Novice: 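My questions will all concern the structure given below.
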Amino acid sequence: LQPQNTERFEGRASTCIDGAGTAFCAVYGVDSFLGRTLFIFEGSFNEAVWQWRRRPNATAFIPFTERSLDSVRMLCDRASGVLYLVFTRRPELYEGRIQFVRSTDAGASWSAPLELSGSLCNTAQLALGPEGELYVVWEDYAQGAIVGRKSVDRGATFGAPFVLASINDNVGFGPSGWEASFSHAGMLPNLPCMTFPAFLGVATDTSDGPHR
């Protein structure tokens, strides 16, 4: 993957492969003049040579006045061909808003971002159920919970948020001696610090067993 002269990639890439064997990669990056965005690449074999091709960005450029983008995750629905992408948008320090976009034309265009969460969230993940239903799941630190939303129309709309489980987060001061080494607690003793010991994963049971 090659950025243009005014661009740079800043990691947090995610990849998937669709039903036709085409690979897609989303990577968080910046253009020095335009702002932050999610760059999209499409990859496949041309005879025996693997080639990456640039596709339209998944989001419009976000101004540098905002803090950052984070936690990019991409998923290909191999049955329908729809591409799903979630990321965390951080307008302010300690904010985290889960954003969702999709492409129904193999990355030629992307939907406008849909905000799925509250303002103190992170680490969204995607999963498909056995009937093609889409789940977006994330950590909500205001609720102290793992929260999800479900779509049954390939990401056009989502149902109401639901709680899967509570979490032991480390927002604030955390266990004695743990947070001080990894956060800004020493410099900002009166502010909650978003420091966490783990990141979320999610899977669905698509078998014919009793927990399908």
Side-chain angles (χ1 to χ4, degrees), residues 1-18 22-44 46 49-77 81-126 134 136-141 149 151 154-158 184 188 191 193-196 199-200:
L1 308 183
Q2 294 295 327
Q4 303 298 317
N5 291 338
T6 61
E7 300 169 350
R8 71 176 185 271
F9 300 152
E10 297 195 340
R12 304 177 183 90
S14 182
T15 60
C16 65
I17 299 176
D18 70 7
T22 302
F24 293 88
C25 179
V27 59
Y28 162 49
V30 301
D31 182 290
S32 299
F33 299 103
L34 299 175
R36 298 181 173 90
T37 190
L38 294 175
F39 297 111
I40 303 295
F41 292 85
E42 172 192 289
S44 62
N46 181 5
V49 179
W50 181 265
Q51 293 183 339
W52 285 106
R53 295 169 294 277
R54 187 73 170 264
R55 303 296 279 162
N57 297 346
T59 65
F61 283 99
I62 295 172
F64 287 118
T65 51
E66 293 197 12
R67 297 292 298 187
S68 67
L69 302 178
D70 199 359
S71 301
V72 180
R73 295 292 183 271
M74 194 179 209
L75 177 67
C76 300
D77 183 345
V82 179
L83 305 177
Y84 302 118
L85 196 155
V86 290
F87 60 97
T88 304
R89 185 169 180 173
R90 301 193 185 283
E92 301 289 345
L93 187 64
Y94 307 123
E95 271 196 88
R97 299 178 178 271
I98 305 304
Q99 310 283 303
F100 170 85
V101 295
R102 68 173 186 156
S103 175
T104 59
D105 53 13
S109 64
W110 293 87
S111 64
L114 176 65
E115 190 164 289
L116 297 181
S117 75
S119 62
L120 195 62
C121 302
N122 196 29
T123 322
Q125 301 283 354
L126 295 156
L134 174 67
V136 182
V137 178
W138 64 86
E139 296 167 332
D140 188 315
Y141 302 110
R149 294 182 70 172
S151 174
R154 297 191 173 95
T157 61
F158 283 84
H184 303 292
L188 302 170
L191 293 176
C193 296
M194 293 181 68
T195 56
F196 313 104
F199 289 96
L200 177 67

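What you see below is based on every heavy atom in this structure, not just the backbone, and it leaves out hydrogens, waters and symmetry mates. Predicted model only: the values in this text are computed from it and were never measured. In what follows, residues are counted from 1 in the order of the sequence shown.
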Novice: Treating Ser117 as the side-chain partner and Ile98 as the backbone partner, does any N or O pair qualify as donor plus acceptor under 3.5 Å?
Specialist: yes

Novice: Is it the case that Ser44 and Arg53 place a side-chain donor and acceptor less than 3.5 Å from each other?
Specialist: yes

Novice: Nearest 0.5 Å, what's the CZ-CG distance between Arg149 and Leu116?
Specialist: 5.5 Å

Novice: Might you point out which heavy atoms bring Leu85 and Ala26 nearest each other, and give the distance in Å?
Specialist: CD1-CB, 3.5 Å

Novice: Can you see which heavy atom on Pro56 is nearest to which on Gly107, and at what distance?
Specialist: CD-O, 3.2 Å

Novice: Applying side-chain hydrogen bond (donor to acceptor under 3.5 Å, both in side chains) between Asn122 and each of Arg90, Glu95, Glu139, Arg97, report the one that passes.
Specialist: Arg90

Novice: To the closest 0.5 Å, what do you measure between CZ (Arg8) and CZ (Phe39)?
Specialist: 10.0 Å

Novice: With rounding to the nearest 0.5 Å, note down the distance linking OG1 in Thr37 to CD1 in Ile62.
Specialist: 7.0 Å

Novice: Determine, stepwise, if the pair Asn57 / Trp110 fulfils side chain to side chain contact (heavy atoms under 4.5 Å, CB included).
Specialist: CA-CA 8 Å; Asn57 297 346; Trp110 293 87; over 6 Å; no

Novice: Going from CZ on Phe64 to CG on Asp31, what distance comes out if it is rounded to the nearest 0.5 angstrom?
Specialist: 7.0 Å

Novice: For residues Met74 and Ser14, report the shortest heavy-atom separation together with the two atoms involved.
Specialist: N-OG, 2.9 Å

Novice: State whether the side chain of Arg36 and the backbone N or O of Glu66 hold a donor-acceptor pair below 3.5 Å, judged by distance alone.
Specialist: yes

Novice: How far apart are the C-alpha atoms of Arg54 and Phe41, what are their side-chain angles, what is the distance that settles it, and do they pass the side chain to side chain contact (heavy atoms under 4.5 Å, CB included) test?
Specialist: CA-CA 5 Å; Arg54 187 73 170 264; Phe41 292 85; 3.6 Å; yes

Novice: Which heavy atom in Ala106 sits nearest to a heavy atom in Phe24, and how many Å separate them?
Specialist: O-CE2, 3.5 Å

Novice: Walk me through it: do Asp77 and Leu134 pass the test side chain to side chain contact (heavy atoms under 4.5 Å, CB included)?
Specialist: CA-CA 9 Å; Asp77 183 345; Leu134 174 67; over 6 Å; no

Novice: Could you tell me the separation between the CZ atom of Arg89 and the OG atom of Ser119, rounded to the nearest 0.5 Å?
Specialist: 14.0 Å

Novice: State, to 0.1 Å, how close Leu38 and Thr59 come at their nearest heavy-atom pair, and which atoms those are.
Specialist: N-OG1, 3.6 Å

Novice: Looking only at heavy atoms, what is the nearest atom pair of Leu69 and Tyr28, with distance?
Specialist: O-CE2, 3.4 Å

Novice: In terms of side-chain geometry, is the basic nitrogen of Arg12 or Glu10 positioned less than 4.0 Å from the acidic oxygen of its partner?
Specialist: no

Novice: Side chains of Trp138 and Thr88: closer than 4.5 Å at any heavy-atom pair?
Specialist: no

Novice: Do the side chain of Glu42 and the main chain of Arg55 share a donor and acceptor less than 3.5 angstrom apart?
Specialist: no

Novice: Mind running side chain to side chain contact (heavy atoms under 4.5 Å, CB included) on Tyr84 and Val136 for me, showing each step along the way?
Specialist: CA-CA 10 Å; Tyr84 302 118; Val136 182; over 6 Å; no

